[in-house]
Amino acid sequence: MQERGANTNIFFVGLMGAGKTTVGRAVARRLGRPFFDSDHEIEARTGARIPVIFELEGEPGFREREAQVIAELTAREALVLATGGGAVLRPENRAALHDRGLVIYLRANPHDLWLRTRKDKNRPLLQTEDPKAKLEALYSERDPLYRECAHFIVETGRPSVNGLVNMVLMQLELAGITKQTQS
Ligand SMILES: Nc1ncnc2c1ncn2[C@@H]1O[C@H](COP(=O)(O)OP(=O)(O)O)[C@@H](O)[C@H]1O
Ligand SMILES: O=C(O)C1=C[C@@H](OP(=O)(O)O)[C@@H](O)[C@H](O)C1
Ligand SMILES: [Mg+2]
């Protein structure tokens, strides 16, 4: 990435329950930018919910669709994109995210991620006997990938969602990204 400003994309990465969708949507609203969520985009294109796609096509089928959406959305400008937690698994996704925008890693520890996701049945990878152990394993596997891809890391343990949105907006301002005022 070279110059940062009005056209710079903002991408959120992190594990399931990190707050990518929630914080990303609020940041987009505050900046007056269009918001995309790769999972919602896949659902809109297929007309099927994520668990159904996993059931019919398995994780490999889902990852193909995810890679397609990431490739298309990272090619655009001035948007905010919340990725799914596994978007960083493919090197080409990591490269596209890193090179085509400012990447923010929302980091949380596996215990907090578990608390935030345990009542939601829409994450197929967590529908196991022991979702907390699964989140711990995913954390070990993916934390280095999020770090490789990210320009900033935001710790999500303590702040409220609103507090996090303000922290992200401050980081973005330091990076030269602010709400565009109409002239
Ligand atoms: N910092 C936070 N503190 C408390 N709850 C949070 C926080 N971030 C997200 N949540 C909640 O956790 C759940 C999962 O958030 P979501 O945005 O779907 O995460 P992701 O898209 O990263 O999987 C939502 O109910 C959201 O309101
Ligand atoms: O971590 C993952 O592999 C996944 C995360 C989910 O998105 P969120 O991170 O928004 O929950 C969704 O893409 C799918 O269930 C797989
Ligand atoms: Mg999400």
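Counting convention: from 1, in listed order, for ligands and their atoms alike. These numbers come from a predicted model, not from an experiment.
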*Is there a donor in the side chain of Arg65 and an acceptor in the side chain of Ser38, or the other way round, less than 3.5 Å apart?*
no
*asked:* Minimum heavy-atom separation for Thr83 and Ile70, please, with both atom names.
replied: CG2-CD1, 3.9 Å
*With Tyr146, the ring pair (Phe, Tyr, Trp, His ring centres under 6.0 Å) member among Tyr105, Phe12, Tyr139*: Tyr105
Note down each nitrogen or oxygen pair, ligand 1 side and protein side, whose separation is under 3.5 Å; give only atom names and the distance to 0.1 Å.
unit_1, atom_1, unit_2, atom_2, d
ligand 1, 17 (O), Thr21, N, 3.4
ligand 1, 17 (O), Thr22, N, 2.9
ligand 1, 17 (O), Thr22, OG1, 2.4
ligand 1, 18 (O), Arg123, NH2, 3.1
ligand 1, 19 (O), Gly19, N, 3.1
ligand 1, 21 (O), Thr21, N, 3.0
ligand 1, 21 (O), Thr21, OG1, 2.8
ligand 1, 22 (O), Ala18, N, 3.3
ligand 1, 22 (O), Gly19, N, 2.9
ligand 1, 22 (O), Lys20, N, 2.8
ligand 1, 22 (O), Lys20, NZ, 2.8
ligand 1, 23 (O), Gly17, N, 2.8
ligand 1, 23 (O), Arg123, NH2, 3.0

*Minimum heavy-atom separation for Phe11 to Ala96, with atom names?*
CE1-O, 4.4 Å
*asked:* Give the residues near ligand 2 by chain and number, with the criterion being a heavy-atom distance under 4.0 Å.
replied: Met16, Lys20, Asp39, Ile50, Phe62, Arg63, Gly84, Gly85, Gly86, Arg123, Pro124, Leu125, Arg142
*Is any protein N, O or S atom closer than 2.8 Å to the Mg ion (ligand 3), and if so, which?*
Thr21 OG1
*More than 12 foreign heavy atoms under 6.0 Å from CD of Glu148: is that the case here?*
yes
*Cation-pi between Arg76 and Phe36: NZ/CZ under 6.0 Å from ring centre and within 45° of the ring axis?*
yes
*Measure the CZ-NE2 distance between Arg49 and His40 for me, rounded to the nearest 0.5 Å.*
7.5 Å
*Which pair of heavy atoms, one from Leu102 and one from Phe152, lies closest together, and at what distance?*
CD2-CE1, 3.5 Å
*asked:* Looking at Glu173 and Lys179, is there a salt bridge between them, counting it only when a charged N and a carboxylate O are closer than 4.0 Å?
replied: no
_Qualifying residue, where the test is side-chain hydrogen bond (donor to acceptor under 3.5 Å, both in side chains) with Asp120 and the options are Arg116, Arg118, Arg123_ = Arg123
*asked:* With side chain to side chain donor-acceptor pair (under 3.5 Å) as the rule and sequence neighbours excluded, what pairs involving residues 158-171 come up?
replied: Arg30-Asn166
*Side-chain touch Val165/Arg29, heavy atoms, less than 4.5 angstrom*: no
*asked:* With no hydrogens and no angle check, just 3.5 Å: does a side-chain donor-acceptor pair link Gln68 and Glu64?
replied: no
